[in-house]
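Inspection log for the structure reproduced underneath, given as structure tokens.
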Amino acid sequence: MQTLTAFAIVLGQKLVTALIQLWVIATLVFSIMYVMPGDPVLLLLGAESNPTPEAIATTRHQLGLDQPVLTQYLKWLGNALHGDLGTSLNGYPVADYIQASMPKTIELAVAAILVAALLGIPLGIAAALNRGRFLDGFLTSLSTVGISVPVYILGSLLILVFSLQLGWLPSSGYTDMSRNVGLHYQKLVLPAVTLGLGLAASIARMTRSSMLEILGRDFVRSLHARGMRERRVIWLHVLRNAAIPIVTIIGLQLGNLMGGTVLVEALFNWPGISTLLVTAVSNRNYPLVQGSILTIAALFIVINLCVDLLYSLLDPRIRRRRA
Amino acid sequence: MRMSRRPGVLASAAIVVLVILVALIGPLIAPHNPLLINQNAVNQGSSATYLLGTDEFGRDILSRLLYGIRPTIAVAALSTLIAAIGGTALGIVGAYGRPAIAAFVMRVVDIMLSFPPILLALLAVGFWQSGIASLSVVIGLIFIPHFARVAQSATLQVIRQEYVEAEHAMGARAMRVVGRAILPNILSPLVVQATLTIAAAILLESGLSFLGLGIIPPDPSWGQMIGTARGYLNQNPMYVVWPSLCLALTVLAINILGDALRDHLDPRLRQE
Amino acid sequence: MPAQEMLSIANLSVAFRTESGLRPVINDVSLALASGEILGLVGESGSGKTLMSLAAMGLLPHNAVVTGGRVTFAGQDLLTASPATLRALRGKRISMIFQDPMASLDPVFTCGDQIIEAIRLHERVSASQARARALELLETVHIADPARCMRAYPHELSGGQCQRVMIAMAVACKPDVIIADEPTTALDVTVQKQVLLLLRSLNREIGAAILLITHDLGVIYEVADRVAVIYKGDLMEQGSTADIFATPQSPYTRALIASMPAMSAPGTRLPVITRDESGELRSQVLPAPVVTATSAERAAPPPQAEPLLRLEKLTKSYRIRDSIFSAPREFRAVNEVSLAIPARTTLGLVGESGCGKSTLSRLVMRLIEPDSGDIMFDGQNLARLDHEEMRAARRDFSLVFQNPYGSLNPRQTVADLVAAPIDIHEAGSNRAATVARLLDAVGLPRTAMTKYPHEFSGGQRQRIVIARALAVRPRLLICDEAVSALDVSVQAQVLNLLQDLQTEFDLTYLFISHDMSVVRHVSDSIAVMQKGRIVEYGPAGEVFDNPQNPYTKTLLSAVPHIGAAAGG
């Protein structure tokens with residue numbers, strides 16, 4: 001009961017922090033329009049076509065750009081709250097683009113995390129338990145390679161080998177589930193593995209060092225002194241303690257993952273939100289840039305919130321402060 | 001274990017030295033003009049004339065590699081310098097400054113940290129003219145909060161030490177405490193962070209160039225070469241391999257050195 | 001009942017594997033633990049005593065190698081036994097209690113679950129039976145609220161309570177032997193006393209033999225039947241507790257006992273351990289170094305005029321929350337404390353951890369800002385000074401910390417460290433000469449100047465700290481647990497040094513400690529602090545011999561007395 005209340009309060013605090021973060025980011029995103037060079041109206045009308053001043057004024061009015069900045073800001077914020085992210089420069093609602101691309105990015109990210117966790121955690125544990133031996137050295141070197149090789153290099157090599165040389169998997173693109181389920185997943189494999197491997201390397205490193213840190217604690221020695229089996233010491237006590245930093249690290253790595261999707265989506269022509277953003281930036285399609293940045297940031301904040309909560313659930317020292 | 005005894009560390013040091021050397025004298029040893037187009041030798045494999053083959057315009061890949069290292073190294077070094085100075089200052093303020101200022105600084109740092117670096121970079125370079133200077137500033141700014149976090153947590157640890165309290169008890173001014181007690185004692189994690197930042201900056205710059213948002217063609221850079229080569233995987237698979245190999249080896253060498261440095265500087269690990 | 005030999009250590013030698021080969025830490029030590037007895041193993045830091053206990057459990061660290069000998073328990077050599085055999089013995093027939101109880105419990109499981117687990121590791125009982133047993137055990141170890149303790153995580157309990165949980169686990173399977181490695185070192189004196197009594201009574205009740213490892217002779221004197229003394233890996237002697245304290249045979253033991261402040265009259269020089277030319281250890285009272293001319297001119301303290309430092313109702317409170325959902329409440333760390341220290345005298349301030357004594361020392365120097373009250377120093381009210389005036393005023397005070405490892409910046413040379421106050425207050429004038437003179441005064445060689453702190457031992461580092469403290473001739477020295485981290489033989493040297501310097505440098509001391517016997521030895525007057533208040537205050541002799549306050553009486557009764565038996 002007491003635990004539940006405490007947890008509810010922690011939850012409340014984190015939620016408020018997340019909302020503030022979101023608001024700050026929304027404000028920053030809004031200001032993109034004003035700090036970035038280039039007049040969006042000219043871009044919309046096409047600067048080459050030499051639009052008349054009247055045409056510019058009309059469009060400016062249509063876009064609401066002639067109103068005071070504060071009015072625009074409040075209106076923009078209000079609309080964003082309702083899920084209306086404005087209109088892309090080519091006339092379609094930004095929200096439609098995001099609705100179409102967001103799930104694809106999430107699918108890719110989830111698959112990558114699965115690859116990373118399923119590979120990274122066991123390898124990290126194996127390295128820690130074989131500390132100083134060959135396997136440890138081998139896995140540690142491998143993970144250093146893993147975090148050093150940029151995703152697009154890894155991806156290019158995987159394409160070269162698995163699709164161009166061996167012909168096992170399609171090299172790029174996206175097929176909708178409703179069209180062809182098999183092809184859908186075939187096309188998911190390479191990008192997910194590319195994105196997941198680098199992450200697996202850092203998870204393995206962190207798992208290893210957390211395990212070693214916990215193995216060196218006094219209580220591990222006293223568990224042994226109580227006659228406990230090595231297996232039980234490691235799989236129950238050490239792992240349970242190491243889980244706390246490991247979860248945190250995975251959470252922190254999600255930032256890199258979101259960054260990684262930008263490159264991986266570009267490499268594999270995966271029509272996710274990062275591709276949308278890169279295209280929007282290249283075309284200076286401001287409303288689309290704003291919408292996708294806001295969505296990515298919101299997603300990121302929500303993930304961080306989840307990691308924070310998981311963290312406080314795992315660690316009794318945070319869950320229950322000293323009474 | 002002394003760091004120099006590990007073969008990987010020695011090899012990494014050699015690679016880093018080589019990379020710096022090439023960045024300095026690359027143009028002197030390049031066999032061709034990296035911008036020289038040869039329509040008669042497009043997408044060729046290795047030959048006596050073109051040791052590593054040619055790209056889609058018939059330009060010499062080796063020469064482009066030797067030139068392409070320069071923007072990468074310049075951006076990495078400059079941005080790390082910016083991040084180190086700015087981040088260390090912010091981090092020390094965030095730990096040792098007046099509580100209200102410190103809290104504000106760290107809150108801002110947290111919010112900046114909640115953005116993936118490449119998204120920030122994408123935004124910035126997407127709208128401004130990109131070049132070595134602007135890329136360095138943008139990437140440097142992006143890594144300031146990472147540095148600030150490291151500096152802040154190290155400073156927090158240091159100011160809990162009694163020798164800092166001893167300085168206060170002796171009547172030392174804040175500048176003396178920072179200069180004599182804090183800075184020398186947070187140097188180790190900062191040096192490690194600097195190596196990691198160099199590697200991260202290289203990855204970020206090459207990632208942007210890969211997307212076509214970094215160094216503007218026709219000037220070569222490794223990331224941009226990989227991005228272009230992606231379109232010719234079928235015709236000339238080695239085109240993507242060479243710049244990839246150079247970039248991956250460089251980052252790997254820096255990371256290995258960073259790890260060795262961390263092990264060496266961390267007294268807890270050194271005892272092992 | 002004839003005592004039966006339970007655990008025997010025969011000719012044990014252990015060495016550490018280092019880069020330059022094997023470094024021996026235990027040399028050919030033999031010990032036997034008989035059933036039902038408490039054997040105390042005493043040694044200072046670096047004596048190898050903890051390694052002995054780990055060897056006895058087969059828990060030696062990876063870099064330690066047994067170079068000879070046997071550890072026999074129940075007919076088995078524990079050094080060569082299979083892991084399965086060891087597992088069956090550990091926790092069931094031999095159990096162990098460690099120094100830091102909080103760190104020795106798994107932080108993510110409740111104490112109840114950990115005790116239950118300890119029981120079920122060795123006994124086939126149902127979870128509910130084990131739970132009932134665990135509750136019983138917690139009652140046996142006299143924990144305040146056993147039911148709450150079962151549900152509590154280690155961080156929710158105090159150090160003393162955690163140690164009781166550890167003891168409950170250690171006795172869960174009624175072992176034949178309990179090895180206790182510094183079980184009370186991390187605890188307050190009063191708690192220490194209770195834990196020792198608990199160990200004694202458990203020893204009687206369940207008949208387990210206890211190997212009690214400690215650096216504290218007082219603890220040994222209190223509970224041990226027999227004592228073994230170990231020094232740098234060599235066994236010096238063993239015998240019954242009464243014999244050892246009455247007629248110690250080895251010079252080291254003699255010296256060790258003599259170094260204890262409780263063994264000498266207050267204010268006298270303590271005997272220190274020295275080595276003569278033949279390398280033989282002995283204990284002797286060294287004369288104070290020749291007093292310099294300046295201090296010879298100095299007369300005895302003038303008749304009590306205005307005290308050098310006078311505190312008037314000094315108060316500091318913090319706002320704390322008991323838990324995240326309770327409203328913050330006021331916690332008075334220091335509550336209307338009034339004290340006066342006459343010039344050239346020593347005021348001893350005693351109290352247990354958390355009583356506010358360290359906060360008080362920081363308040364005096366305004367390292368922490370007081371809420372209210374006055375700090376009168378030589379006619380000036382420090383509490384009213386502005387930031388810059390206070391900074392300048394700090395040259396008249398110095399603080400000597402508990403931990404000589406933490407209070408010296410590891411990145412500065414000894415010369416820079418000692419000269420720091422000169423750099424701050426006198427722009428470094430006459431730096432080198434002053435540093436040299438200070439090193440002479442604290443008994444360090446001048447070659448120390450270019451070295452770094454890590455090249456010195458704990459006692460030497462404390463000398464560096466003291467040299468720095470004296471650099472700009474302060475008038476008040478605040479010693480916050482200044483000798484608590486030191487071994488008793490080193491402690492004696494540092495206490496002697498502080499005494500010599502008081503005369504030579506004309507110093508007034510505020511001497512803060514949890515150790516009654518040290519405070520008694522150095523102080524002219526004593527203040528006892530409890531929960532932020534001064535509960536008793538008066539001349540040292542009176543407070544010690546005729547305490548009025550019940551808390552002072554508790555504190556004094558908790559101090560192990562090595563009284564008449566040793567005959568000082």
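Lettering of chains follows the sequences in order, A, B, ..., and the numbering in each one begins at 1. Nothing here was measured: the structure is a model prediction, and the numbers come from that model.
With chain A as the partner, the residue from C:A170, C:S104, C:A84, C:P154 showing the most heavy-atom pairs under 4.5 Å is C:S104. Note: C:P107 leads C:G91, C:P83, C:G58, C:P107 in heavy-atom pairs under 4.5 Å with chain A.
Summarising the local packing, CZ of A:R217 is surrounded by more than 12 heavy atoms from other residues, nucleotides or ligands at distances under 6.0 Å. Heavy-atom contacts from other residues, nucleotides or ligands closer than 6.0 Å to CZ of C:F16 number more than 12.
For C:L121, the part lying under 4.5 angstrom from a heavy atom of chain A is the side chain only. At a 4.5 Å heavy-atom cutoff, C:Q99 makes no contact with chain A through either its backbone or its side chain. Interface residue C:L54: only side-chain heavy atoms are found under 4.5 Å from chain A. Contacts between A:I214 and chain C at a heavy-atom distance below 4.5 Å are absent for every atom of the residue. Both the backbone and the side chain of A:R229 come within contact range of chain C, with heavy atoms under 4.5 Å apart.
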Original post:
Does the side-chain contact (heavy atoms from CB on, under 4.5 Å) test come out yes or no for C:E123 and C:K92, once each step is laid out?
Top reply: CA-CA 9 Å; C:E123 288 177 26; C:K92 168 81 179 151; 4.1 Å; yes
**OP:** For side-chain contact (heavy atoms from CB on, under 4.5 Å), just list the numbers for C:R151 and C:T110, CA-CA rounded to whole Å, side-chain angles, deciding distance to a tenth of an Å, and then say yes or no.
**Re:** CA-CA 6 Å; C:R151 293 190 307 269; C:T110 62; 5.6 Å; no
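The one candidate from A:V302, A:I296, A:I303, A:I301 that meets the side chain to side chain contact (heavy atoms under 4.5 Å, CB included) condition with A:L299 is A:I303.
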